[in-house]
Amino acid sequence: MMVVEAPIRWPRKVNEIPKEVFVQEDLFEREMETIFKGPEWHPIAHESELPNRRDFKTLILAHVPLLITRDDSDQIQVFFNSCTHRGTQLEASRKGNKKLFECPYHRWVFNGSGALISCPKRAEGYAPSFSMDRYSLGRPRVASFKGLIFVSFSEAAPPLDEYLGEISDTLAAIMANDGRLRFLGYQKIVFDSNWKGYNDSDSYHAALLHGAFRALNWQGGKGTQVVSKLRGHIGATSELSIPKDGGSSLLKDPSLLEFRDEDPKVGSRVVKMFPLFVAVKHLDVINLRFATPVSVDKTEVHYAYFAHVDDDDGMVRHRIRQASNFTGPSGFVSMEDASVFQRIHIGNQTPGVATFQRGVTDENEISFDYKQNDEASNLVKWDYYRRIMGFARKGEQ
């Protein structure tokens, strides 16, 4: 028997979000179609993850399997990971290096550029209209920014530079401005949280959550926050000073906390893109977080870490050690996040609203002027979400 969820009634105040949007299963499926397959751009990889010709990577984005390749002409290609014959998943490995991709069902073979180059028993009788050049692998729309690869499942998505808008400079700065990166590795996790709860919370929260900040007497500094006016993408830049004793009182190796790459006055940068992507530069860690909604209560996040191609061996080792120990899902600074994301999801099973407070200057109008640590910057994204999902505010027609 199908359970029909109660209708969602959106509050009039702009800083109140109905908790039902985090937990209703039928709404989750609508989001997959309206948002993730709608006119949005989704980062899925950086080209440095495929450094060699014939390298490939697979992933699933909002239930859609994708295959990324670097073909024999050194071009990045993105395909639907599905044979054009009967729809079988073409490649099951997470990553590797292959010249050809063979479907295990009927042995249709595709090259790294997506062309169908072999299909057995074709001479014994295929449909009259069959032509091999009509059965190349299907593709989403693809665009890139500083080597960061984006896809869209909709022809209505605007040009990527227009889509990024105000956050372009911050995103570029996270990727060393020129995007000439060297891939270091992943940390992967599935959070027991709705995707919107994860995206809301992967930035602003009180220092109480992170015991390492308190133990090390670590202090954040001043900064700025820019918000795109339509979709609510956020770009934040702030100071990040090391502890007064350099961490020597608690860490066997205080060099983990060194700044080697740039001025601590811009030691922390964060980008949060609608709907789900997060990019972070803390200390010398370059971290792109590729995420996908799995279900109403699970979100998978791949933390990908990078160096710059001009780094010497010592700097590469330094970035690896910071990435391994610092900001990832098991890092000594951010390890508590997974627990709190789950507790947010549990708490949202109760009636009522989630309320944003810090930085709210008018409960009836969306603002675009935020300080670095204001949580109210999330409200631009929430208003966009509300409108594209078709929820009217209380009192609106």
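Since the model is a prediction, treat every value here as computed from it, not as a measurement. Hydrogens, waters and symmetry mates are skipped; everything else that's a heavy atom, side chains included, is used.
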Do Ile60 and Glu300 touch side chain to side chain, with heavy atoms closer than 4.5 Å?
-> no
Does the ring centre of Tyr186 sit less than 6.0 Å away from the ring centre of Phe183?
-> yes
Salt-bridged, Lys95 to Glu49, with N to O below 4.0 Å?
-> no
Hey, mind stepping through Tyr126 and Cys119 against side-chain contact (heavy atoms from CB on, under 4.5 Å) and telling me if it holds?
-> CA-CA 10 Å; Tyr126 274 27; Cys119 41; 3.7 Å; yes
Determine yes or no for a side-chain-to-main-chain donor-acceptor pair under 3.5 angstrom, with Asn325 supplying the side chain and Gly331 the backbone.
-> no
Short N-O contact, Glu40 and Arg231, less than 4.0 angstrom | yes
List the atom of Ala291, the atom of Leu276, and the distance in Å for their closest heavy-atom pair.
-> CB-CG, 3.6 Å
Shared hydrophobic cluster for Met315 and Tyr305 (ILVMFWY, side-chain gaps under 4.5 Å) = no
With a 4.5 Å limit on heavy-atom distance, are the side chains of Arg321 and Leu256 in contact?
-> yes
Establish, from distance only, whether the side-chain atoms of Trp195 and Glu31 form a donor-acceptor pair under 3.5 Å.
-> yes
Closest heavy-atom contact between Gln349 and Val23?
-> NE2-CG1, 3.3 Å
Considering all heavy atoms of both residues, which atom of Ala323 and which atom of Gln187 are nearest to each other, and what is their separation?
-> O-OE1, 3.9 Å
At their closest point, which heavy atom of Phe277 faces which heavy atom of Asn199, and how far apart are they?
-> O-ND2, 4.3 Å
Taking NZ, NE, NH1 and NH2 as the nitrogens, is one of them in Lys196 or Asp200 under 4.0 Å from a carboxylate oxygen of the other?
-> no
Any salt bridge between Arg54 and Asp72, counting N to O under 4.0 Å?
-> yes
Leu90 versus Leu137: any side-chain heavy-atom pair under 4.5 Å?
-> yes
Measure the CG-CE distance between Asn287 and Met175 for me, rounded to the nearest 0.5 Å.
-> 12.5 Å
Can you tell me how far CG of Leu66 sits from CD1 of Ile149, rounded to the nearest 0.5 angstrom?
-> 11.0 Å
OG1-CD1 distance between Thr58 and Ile68, expressed to the nearest 0.5 angstrom = 8.5 Å
Report the C-alpha separation of Phe101 and Phe56 in whole Å, then their side-chain angles, then the decisive distance to 0.1 Å, and conclude whether the ring pair (Phe, Tyr, Trp, His ring centres under 6.0 Å) test is met.
-> CA-CA 10 Å; Phe101 298 90; Phe56 72 87; 5.4 Å; yes
Should Arg180 and Asp310 count as an ion pair when the cut-off is N to O under 4.0 Å?
-> yes
How about Ser113 and Asp71: does a side-chain donor come under 3.5 Å of a side-chain acceptor?
-> yes
Please list, chain by chain and in numerical order, all residues satisfying ring-ring contact (aromatic ring centres under 6.0 Å, His included) with Phe145, sequence neighbours excluded.
-> none
What is the ring orientation for Trp382 with Tyr385, classed by angle as parallel under 30°, tilted 30 to 60°, or perpendicular over 60°?
-> perpendicular
With a 4.5 Å heavy-atom cut-off, do Ser193 and Asp297 have their side chains touching?
-> no
Mind listing the closest non-hydrogen atom pair of Gly112 and Thr69 along with its distance?
-> O-OG1, 2.7 Å
Does the side chain of Asp261 come within less than 4.5 Å of Arg319's, by heavy atoms?
-> yes
Does one hydrophobic cluster hold both Val296 and Phe191, with members joined at side-chain heavy-atom distances below 4.5 Å?
-> yes
Step through the shown structure and confirm whether more than 12 heavy atoms of other residues, nucleotides or ligands are within 6.0 Å of CZ on Arg107.
-> no
Consider only side-chain N and O atoms of Gln77 and Arg70, and report whether a donor and an acceptor are under 3.5 Å apart.
-> no
Is there a donor-acceptor pair closer than 3.5 Å between any side-chain N or O of Gln322 and the backbone N or O of Glu258?
-> yes
Donor-acceptor pair, Ser82 side chain versus Gly87 backbone, under 3.5 Å?
-> yes
Donor-acceptor pair between Ser93 and Glu91 side chains, under 3.5 angstrom | yes
How about His42 and Phe36: are their ring centres within less than 6.0 Å of each other?
-> yes
Going by heavy atoms in the side chains, are Arg269 and Val280 under 4.5 Å from each other?
-> no
Pairwise distance CD(Gln342) to NZ(Lys298) - rounded to 0.5 angstrom = 8.0 Å
Within a radius of less than 6.0 Å around CZ of Arg387, do more than 12 heavy atoms belonging to other residues, nucleotides or ligands occur?
-> yes
Quick one: CD on Glu16 to OG1 on Thr355, what's the gap to the nearest 0.5 Å?
-> 5.0 Å
Is there a path of hydrophobic side-chain contacts, each under 4.5 Å between heavy atoms of I, L, V, M, F, W or Y residues, that connects Leu59 with Met273?
-> no
Any link between Phe259 and Val285 through a network of hydrophobic side chains (Ile, Leu, Val, Met, Phe, Trp, Tyr) touching at under 4.5 Å?
-> yes
How far apart are the closest heavy atoms of Lys37 and Val64, and which atoms are they?
-> CE-CG2, 3.7 Å
Can a donor-acceptor pair be found between the side chains of Asn378 and Lys272 at a distance below 3.5 Å?
-> yes
Would you call Asp383 and Arg386 a salt bridge, using N to O less than 4.0 angstrom?
-> yes
Determine, using the 4.5 Å side-chain heavy-atom cutoff (strictly less than), whether Val353 and Ile366 are members of one ILVMFWY cluster.
-> no
Is the Tyr198-His345 ring centre distance short of 6.0 angstrom?
-> no
Mark yes or no: Lys188 above the aromatic ring of Tyr303, with NZ or CZ under 6.0 Å from the six-membered ring centre and no more than 45 degrees from the axis.
-> no
Using atom types as modelled and distance alone, determine if a side-chain donor or acceptor of Ser367 lies under 3.5 Å from a backbone N or O of Asp369.
-> yes
Could you tell me whether a side-chain N or O of Asp374 sits under 3.5 Å from a main-chain N or O of Ser377, the two making a donor and an acceptor?
-> no
Show your reasoning for whether side-chain contact (heavy atoms from CB on, under 4.5 Å) applies to Ile44 and Leu61.
-> CA-CA 8 Å; Ile44 57 170; Leu61 174 62; 4.1 Å; yes
side-chain hydrogen bond (donor to acceptor under 3.5 Å, both in side chains) between Ser168 and Glu166: does it pass, once the steps are laid out?
-> CA-CA 6 Å; Ser168 295; Glu166 295 89 334; over 6 Å; no
Sub-3.5 Å donor-acceptor pair from the side chain of Ser228 to the main-chain atoms of His233, do we have one?
-> yes
Does any donor atom in the side chain of Asp133 or Ser131 lie under 3.5 Å from an acceptor atom in the other side chain?
-> yes
Among all residues two or more places apart in sequence or in another chain, which pass the ring-ring contact (aromatic ring centres under 6.0 Å, His included) test with Phe150?
-> none
Ile174 side chain near Val271 side chain, heavy-atom distance below 4.5 Å | yes
Should Asn364 and Val14 count as side-chain neighbours, where that means a heavy-atom distance under 4.5 Å?
-> no
Is the gap between the ring centers of Tyr135 and Trp108 under 6.0 Å?
-> yes
Is NZ or CZ of Lys57 both nearer than 6.0 Å to the six-membered ring centre of Phe290 and within 45° of the ring axis?
-> yes
State whether the number of non-hydrogen atoms from other residues, nucleotides or ligands found under 6.0 Å of Asp169 atom CG is greater than 12.
-> no
Value for CD (Glu375) from CD (Gln225), rounded to nearest 0.5 Å, stands at 10.5 Å
